[in-house]
Amino acid sequence: MSELRWNPLLCEWVATATHRQDRTFLPPADFCPLCPTAPGGFPTEIPEPTYDIVAFENRFPSLQRNPPQPAVEGDDLHPVEPARGVCEVVVYTPNHSSTLAREPVEQIHKLVRVWADRFRALSEHDFVKYVFIFENKGEAIGVTLHHPHGQIYAYPFVPPLVARELDQSLAHRERTGRCLVCDIVEGERRDGRRVVAENESFVAYVPFFARYPYEVHVSSTRHLQSLTDMTGGEQRDLASAIKQTTAAYDKLFDLSFPYMMVLHQRPSDGGDYSHYHFHVEFYPPLRAATKLKYLAGSETGAGMFINDTLAEEKAGELRSRVEPVVWAGGGR
Amino acid sequence: MRRRQITIDGGRYLIFYSFEDEQGLDAAPSTGATATRAGAGAAGDDQPAREPALPQAVEPAAEGERRV
């Protein structure tokens, strides 16, 4: 059963997707559904002996192109809608034991281009209003498959957190005439204490207002709204910034660092979002090598995050682990 | 970048992305901070990146395929 149920208290949709209870959960490595299908071997989701990057519709989607009718009736207070949308899985590499941080920057560059292609393609559906690209990494986040992969949800509405950023960005522009994220990036670069890494087109920083101890935002230095606005050089520089950030995470505690990575882009509903600014956000759940940052009462029940650390100190720790990105054959 | 789309069980699509036609794409040395580079910048690093809108061939899934 699957449907969208309206929460009138928070003014947001909740997707019910009971079929996801049965999804594949931490299978052994030799039964990974995201590995290539070896000749004569276990048939996985990907029916070929190798691949570079693949994207496919999720077998256990929260949103579907042709969703079933809702199982319950709504009313004025509780509207119900079919859970229409698209859920894709993007598999980064055929190498089961790899991670984004361990992949060469050239592979991350390929991934950036695939993301741009999926953003473009999914945005063409008239029922899609927002394309959300993300990765959940690590059991601490709740991943059910270890094979390196991310996901894309094409929503039939603009999700609430992005809607808040859009509202604040518009208000800031109306008040100042400037872009909110441009001003944040300029301030972070001027201050410098929270900058983790920087290249020609992107800045990675622990924001002044970080909610998680090692939260990092990667923002473009040029004012642009989506992956499809980027030049070829900017796509390469985004790959470099992601490589440096994820590799620094791994070096921090000498472990494969768990995180949520989300891409915030403009909506796909045809509106004018020139006031918005593309950026990537990383939310790691660790506050120390063996300590989780729990989303407890204040965070979950009140929406107020309590960060037990100083952004300036955490940025310094990450910055000291950043290494130069080496492209095969040179170049940035 | 090339795409090849097939259909897998349940009528779901799966797209293979391949880049083998771009050997050496990332092997070009930088020619400077703002100068055009080879590779992804073949279309001009200062120009919006545009991937060709190739037709996506749809191939049926092999009979009897089982999925996880």
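Labels below follow one simple rule: chain letters A, B, ... track the order of the sequence lines, proteins then strands, and each chain is numbered from 1.
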**Q.** Flag side-chain contact, heavy atom, 4.5 Å: A:F56 against B:Q5
**A.** no

**Q.** Reported CG-to-CZ distance for the pair A:D52 and B:R2, which is rounded to 0.5 angstrom
**A.** 12.0 Å

Q. In Å, rounded to the nearest 0.5 Å, how long is the span from CD1 of A:I46 to CZ of B:F16?
A. 7.0 Å

Q) Which heavy-atom pair separates A:G232 from B:A49 by the least distance, and what is that distance? A) N-CB, 3.9 Å

(Q) Using the salt bridge (Lys or Arg N to Asp or Glu O under 4.0 Å) criterion, which residues pair with A:R222? Sequence neighbours excluded. (A) A:E234

**Q.** Which atom of B:I6 lies closest to which atom of A:P47, heavy atoms considered
**A.** CD1-CG, 3.6 Å

Q.
Assess the residue pair A:R113 and B:F19 against the criterion (side chain to side chain contact (heavy atoms under 4.5 Å, CB included)); give the C-alpha distance rounded to whole Å, side-chain angles, the decisive distance to 0.1 Å, and a yes or no.
A. CA-CA 11 Å; A:R113 295 167 66 195; B:F19 304 80; 3.8 Å; yes

Q. What is the distance from atom CD of A:E45 to atom CZ of B:R12, rounded to the nearest 0.5 Å?
A. 4.0 Å

**Q.** Partners passing side chain to side chain donor-acceptor pair (under 3.5 Å) against A:Y276 (at least two apart in sequence or in another chain)
**A.** A:E165

(Q) Within this structure, what is the OG1-CD1 distance for the pair A:T44 and B:I8, rounded to the nearest 0.5 Å? (A) 9.0 Å

**Q.** Distance in Å, A:E57 CD paired with B:L14 CG, rounded so as to fall on 0.5 Å steps
**A.** 10.0 Å

Q) Is it the side chain or the backbone of A:V112 that comes within 4.5 Å of chain B heavy atoms, both, or neither? A) neither

Q. Have A:Y51 and B:R4 got a donor and an acceptor in their side chains that come within less than 3.5 Å?
A. no

(Q) Before you tell me yes or no, could you show the steps for A:R118 and B:Y17 under side chain to side chain donor-acceptor pair (under 3.5 Å), namely the whole-Å CA-CA distance, both residues' side-chain angles and the distance that decides it to 0.1 Å? (A) CA-CA 11 Å; A:R118 299 319 303 149; B:Y17 285 89; 3.2 Å; yes

